Amino acid sequence: MDHRRPWWRTAVVYEVYLRSFADGNGDGLGDVPGLRSRLPYLADLGVDALWVTPWYPSPMADGGYDVADHRDVDPRFGTLADVDALVADAHALGVRVVVDLVANHTSAEHPWFRAALAAGPGAPERSRYFFRDGRAGGSAPPNDWISAFGGPAWTRVTGPGGPEQWYLHLFAPEQPDLDWTSPEVADDFDATVRFWLDRGVDGIRVDAAPAMAKVPGLPDAGHPPGASFASSEWVGNPHWDVDEVHEVFRRWRRIGDAYDGDRLFVSEAVVNGPERLARYVRPDELHTTFNFDYLKAPWDAGALRTVVDGTLAALAPVGAPATWVLSSHDETRHVTRFGRERSGAAVMGFDDAPPADLARGLRRARAAALLTLALPGGAYLYQGEELGLPEVEDLPAEALQDPTWERSGHTARGRDGCRVPLPWSGDAPPFGFAPDGVTPWLPQPASWASLTAEAQRADPASTLSLYRAALRLRRELPVEEPLTWLDLGADVLAFDRGPALRCVVNLSARPVPLAGLGRVLLGSGTPGEALAPDTAVWLAPA
């Protein structure tokens, strides 16, 4: 057995939102062959692994997170042979591959759910899901639970004789929740985990991990009318972060530990605070978990330090490394977020803030990249952040595809603005994402011509060059695990990672003198004798 430190403790993982990464067959939709063709770019960028969003057969009611078959590939994205070739090519380049597992729910087109609808009330086929009789003689939902996409979490089924039972969906109606107390559900997902690990993938990302257990009896949650899905604030909620969910992760961990190569399990778990989050990465459960408190923190030194300290303190007792993330396919891109006066994260397009100052946002985003990559543990990058891409906030209404748009009655635009296909090359759409003349599934702004990977590659001052340099240094420097804070003022974050690296981030409105702090290794701006506001620097301590 290999006793070296597992790779995932310090890994930089790049999220590939597959539909928007690269189109290999000219249909306007990103796919596995397109991703495979861009692997040299990712290896050159310097990331350790890829996390690829779902490529499973799906009606695409929620961008592939409504899965009809967890052990196959949607023809729009490729084939299992394409996936095998992707994994082999990535490994040859020294890059690992993490797949996305959607286990809280299936698609409404999954054979199980179709059988459940056909079988009728009381049939064993319905025991894999949550079918319940309604209140008020059947006309009202069974309880007050709400959907993450707006509205109630229940939809009523209409059978041959008219309206009958209701089924639970914590997300879209096309995503019915599975009942994880069903042995058949648990056994089938054991087989799914083994299926992908047997194909050589290096890890599994667990989607919506806290949703996978419900309090028996499905009691009311006490949601007031019109309540929004605020899982980071909930305590004792009967449909989120229920203790029994951890038995599922212990079961999967036992499966993963039987494979060689330090296979990774990482959770998406938006819960109430770092202490609750740490429960998902106890020594016999998952290995790492996304840090949403860090993602949602505003551009404020005190707030960021509180999150960093709280994260490290909560994870220390369980021995798990932190992971740091600034953007994802579910969140407003941080160039735009940091460009606003109110710079905390906006979830799924629910943001009524004024327009962003994108120049300010880019300065802060570049500084945040150096902060993130200097912190102890691992990091997740979202595709396009290395290009400094902003959120696309002016997509035409007819182009929007996120279910949030419809479920909110056209009051919340949803997540499409962070999912616009990447600009690779050229001076006009589709910017190398697809062959010339092909229209991408979401329109790209013409202003992205200066942000393509091709345009930035030769520019030493570009955001892409900054990321490449930072990732190279991160691998080369003998950085130690602990973090030691330095006091350079209330609005400055400064810390050492042993004798090899000092990071200074200026979140104040004044220049910060650099005299005596060390030799400059890399800056997000142009560091001279002082560090300008909204910039950061890596130093070799004096």
Side-chain angles (χ1 to χ4, degrees), residues 1-16 18 32 35-36 39 42-43 47-56 67 70-73 80 82-104 186-209 212 245-269 277-291 315 318-323 325 377-381:
M1 181 177 291
D2 189 345
H3 293 287
R4 293 174 298 178
R5 184 166 62 176
W7 64 273
W8 43 263
R9 293 195 67 89
T10 57
V12 176
V13 183
Y14 185 100
E15 180 192 349
V16 172
L18 190 60
V32 176
L35 168 56
R36 186 183 173 200
L39 285 175
L42 296 172
V47 298
D48 299 297
L50 311 177
W51 153 37
V52 187
T53 56
W55 49 41
Y56 312 113
V67 178
H70 289 82
R71 298 197 285 271
D72 203 353
V73 176
L80 283 170
D82 290 328
V83 167
D84 293 341
L86 170 74
V87 172
D89 286 359
H91 288 173
L93 291 167
V95 178
R96 292 176 167 88
V97 178
V98 176
V99 299
D100 212 322
L101 183 61
V102 186
N104 174 68
D187 290 346
D188 192 75
F189 273 92
D190 285 355
T192 294
V193 168
R194 291 189 176 98
F195 179 87
W196 293 108
L197 294 181
D198 287 343
R199 298 194 91 89
V201 305
D202 303 279
I204 291 173
R205 179 257 191 190
V206 183
D207 179 68
M212 292 166 54
V245 76
H246 297 281
E247 288 304 318
V248 179
F249 306 141
R250 293 186 182 100
R251 181 174 179 138
W252 289 350
R253 179 64 180 269
R254 289 192 293 270
I255 293 173
D257 284 350
Y259 287 78
D260 60 7
D262 292 322
R263 308 298 178 99
L264 165 70
F265 288 97
V266 55
S267 77
E268 178 202 33
L277 189 64
R279 291 160 53 86
Y280 288 76
V281 288
R282 289 177 286 197
D284 61 345
E285 295 191 39
L286 307 176
H287 300 91
T288 64
T289 187
F290 293 150
N291 191 330
L315 293 175
V318 296
T323 60
V325 59
Y380 279 77
L381 311 180

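Every heavy atom of this structure was used, including side-chain atoms; hydrogens, water molecules and symmetry mates were not. Remember, it's a predicted structure, so these values are computed and weren't measured experimentally.
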(message) Walk me through whether Ile204 and Val193 qualify under side chain to side chain contact (heavy atoms under 4.5 Å, CB included).
(response) CA-CA 8 Å; Ile204 291 173; Val193 168; 3.9 Å; yes

**Message:** Could you check, using the six-membered ring where one of them is a Trp, whether Trp196 and Trp55 have ring centers closer than 6.0 angstrom?
**Reply:** yes

Worksheet item: Hey, is Arg205 close enough to Asp207 for a salt bridge, meaning N to O under 4.0 Å?
Response: yes

query = With side chains defined as the heavy atoms from C-beta onward, is the minimum distance between Val52 and Val99 less than 4.5 Å?
reply = no

Sub-4.5 Å side-chain heavy-atom contact between Val206 and Thr289: no

Taken to the nearest 0.5 Å, the spacing of Asp82 CG from Arg36 CZ works out to 7.5 Å

Between Val102 and Pro54 the two heavy atoms that sit nearest each other are CG2-CG, 4.0 Å

Heavy-atom closest pair (Trp7 atom, Gly261 atom, distance to 0.1 Å) is NE1-O, 3.7 Å

* Asked: Does the distance from a Lys or Arg side-chain N to an Asp or Glu carboxylate O, for Asp187 and Arg251, drop under 4.0 Å?
  -> yes

Margin query: Between Asp262 and His287, is the side chain to side chain contact (heavy atoms under 4.5 Å, CB included) condition met? List the steps.
Written below: CA-CA 10 Å; Asp262 292 322; His287 300 91; over 6 Å; no

Q.
Measuring only between side-chain heavy atoms, which start at C-beta, is Thr192 closer than 4.5 Å to Leu101?
A. yes

- Item | Close aromatic pair by centroid cut-off 6.0 Å: Phe189 and His70 | yes

Heavy-atom closest pair (Ala269 atom, Leu277 atom, distance to 0.1 Å) is O-CD1, 3.3 Å

Open item on the list: Please check this pair: side chain of Arg253 against backbone of Pro283, looking for a donor-acceptor N/O pair closer than 3.5 Å.
Closed with: yes

Scanning both residues in full, the closest heavy-atom pair of Arg199 with Val87 reads O-CG1, 4.2 Å

Report task. State, yes or no, whether a side-chain contact exists between Thr288 and Pro321 at a heavy-atom distance under 4.5 Å. Result -> yes

Rounded to the nearest 0.5 angstrom, the NE2-CG distance for His246 and Leu286 is 9.0 Å

Worksheet entry | side chain to side chain contact (heavy atoms under 4.5 Å, CB included) between Glu285 and Phe265, worked out | CA-CA 8 Å; Glu285 295 191 39; Phe265 288 97; over 6 Å; no

| request: Go through the steps to decide whether Arg250 and Arg282 satisfy the test side chain to side chain contact (heavy atoms under 4.5 Å, CB included), and finish with yes or no. | output: CA-CA 9 Å; Arg250 293 186 182 100; Arg282 289 177 286 197; 3.5 Å; yes

Value for CG (Asp202) from CH2 (Trp8), rounded to nearest 0.5 Å, stands at 13.5 Å

Fill in: Sub-6.0 Å ring centroid separation between Tyr380 and Phe290
yes

Across all chains, not counting sequence neighbours, the salt bridge (charged side-chain N to carboxylate O under 4.0 Å, His left out) partners of Glu15 are none

Rounded to the nearest 0.5 angstrom, the CG-CG distance for Asn291 and Leu315 is 7.5 Å

In short, Leu197 meets Gly256 closest at the heavy-atom pair CD1-CA, 4.1 Å

dist Leu35:CG -> Leu39:CG (nearest 0.5 Å) comes out at 5.0 Å

Is the shortest side-chain N to carboxylate O distance from Arg71 to Asp188 below 4.0 Å? yes

Worksheet item: How far apart are the C-alpha atoms of Tyr56 and Asp100, what are their side-chain angles, what is the distance that settles it, and do they pass the side chain to side chain donor-acceptor pair (under 3.5 Å) test?
Response: CA-CA 9 Å; Tyr56 312 113; Asp100 212 322; over 6 Å; no

Taking every heavy atom of Ala103 against every heavy atom of Trp252, the minimum-distance pair comes out as CB-CH2, 3.7 Å

So, the side chain of Trp51 versus the backbone of Val13: is there a donor-acceptor pair under 3.5 Å, distance only? no

Less than 4.0 angstrom from a charged side-chain N to a carboxylate O is my criterion; do Asp48 and Arg96 meet it?
no

So OH of Tyr14 and CG of Leu42: to nearest 0.5 Å the spacing works out to 5.5 Å

